[in-house]
Amino acid sequence: MNKISDAFKNGKAFIGFITAGDPDVETSKKIMIKMAQAGCDLIEVGIPFSDPIAEGPVIQNANIRALKNNVTTDDVFDMVKEVHPQVNIPMVFMTYLNVLFKYGYDRFLQKASDAGICGVIIPDMPYEEKGELQSVAKNYGIEVVSLIAPTSEERIKMIASDAEGFIYEVSSLGVTGIRSEIKTDLQSITQAVKQVTDVPIATGFGINTPEQAKEFSQFADGIIVGSAIVKLIEQYKTGAPDKVYDYVKSMKDAIK
């Protein structure tokens, strides 16, 4: 069983995101394998959901495409379970609280663990409600990843102090999406986090070029990229695996 910490063992981590089932389940599997081959250290697997409130248009549209393909949460469990032995890197689910709530925490986390998932990221779960999920997740060896936003200043140390797996440092206000410029003082936020925890910090939301990856990896332990990968998948569809491989390799090379 992979652990999230494995992603950060060999220097700066590259974390890539896909929406499961976009453009289809078989292509998603091929893309995940190519991502691992290109040097991706951890894969975030987005479970298709009708109201992904943290996502910008690129990932929202990917959710819509997957749902139109009738991709269910059970399909995603099966997909991850099949691909897990072939990627041999940590994988986490990125999803919303309603998905877990309707499925049932125990049942969801049991199936996630059986599939090889080692963590969950729930962007719409308030910190104050994390404990309930975390207490169940521990039974299955799954870590609940905390998010820290630029507006979290007074809460940063509180959230960081009991974080596990890695800390998802949100680079910009608003939703996910490609940004040409990121003006948040991430260095100060990162320093505040590192005062209270040794849990690795990975920066996401907006990063899409090797230059940005190199810049922000100077103080973070890892870089998270979603929309730029999903945009390639939207553009190239079943031909996306090789394009994603080239892109992930360029980003990983930039942060080495």
Start with the C-alpha distance between Lys256 and Asp253, add both sets of side-chain angles, then the distance that settles salt bridge (Lys or Arg N to Asp or Glu O under 4.0 Å), and finish with yes or no. CA-CA 5 Å; Lys256 280 181 179 174; Asp253 288 345; 3.5 Å; yes

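- Taking every heavy atom of both residues into account, Ile122 and Tyr96 meet most closely at CG2-C, 3.9 Å.
- Remark: side-chain polar atoms of Ser28 are paired, donor with acceptor, to backbone N or O of Gly21 under 3.5 angstrom.
- Annotation for Ala20 and Val45: closest pair CB-CG1, 3.9 Å, computed over non-hydrogen atoms.
- Side chains of Ile53 and Asp51 form a contact here, defined as non-hydrogen atoms less than 4.5 Å apart.
- The pair Arg65-Glu234 counts as a salt bridge, with a side-chain nitrogen and a carboxylate oxygen less than 4.0 angstrom apart.
- Side-chain contact between Val83 and Ile33: present, with at least one pair of heavy atoms (C-beta onward) separated by less than 4.5 Å.
- Taking both residues in full, the closest heavy atoms of Asp41 and Ile89 are given as O-CB, 3.8 Å, listed atom of the first, atom of the second, then distance.
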Using distance only, find each side-chain donor-acceptor pair of residues 198-205 under 3.5 Å and give its atom names and separation, not counting sequence neighbours.
unit_1: Thr203; atom_1: OG1; unit_2: Glu169; atom_2: OE1; d: 2.6

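- Judged as a salt bridge (charged side-chain N to carboxylate O under 4.0 Å, His left out), the pairs with a partner in residues 69-93 (not counting sequence neighbours) are, in order, Lys29-Glu82, Asp74-Lys111.
- At least one side-chain heavy atom of Phe108 sits less than 4.5 Å from a side-chain heavy atom of Ile47.
- Checked by atom type, the side-chain pair Asp114/Gln110 shows a donor-acceptor distance below 3.5 Å.
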Test ring pair (Phe, Tyr, Trp, His ring centres under 6.0 Å) applied to Tyr103 and Phe77, step by step: CA-CA 12 Å; Tyr103 212 93; Phe77 286 134; 5.5 Å; yes

How far apart are the C-alpha atoms of Tyr236 and Asp242, what are their side-chain angles, what is the distance that settles it, and do they pass the side chain to side chain donor-acceptor pair (under 3.5 Å) test? CA-CA 10 Å; Tyr236 293 102; Asp242 287 335; over 6 Å; no

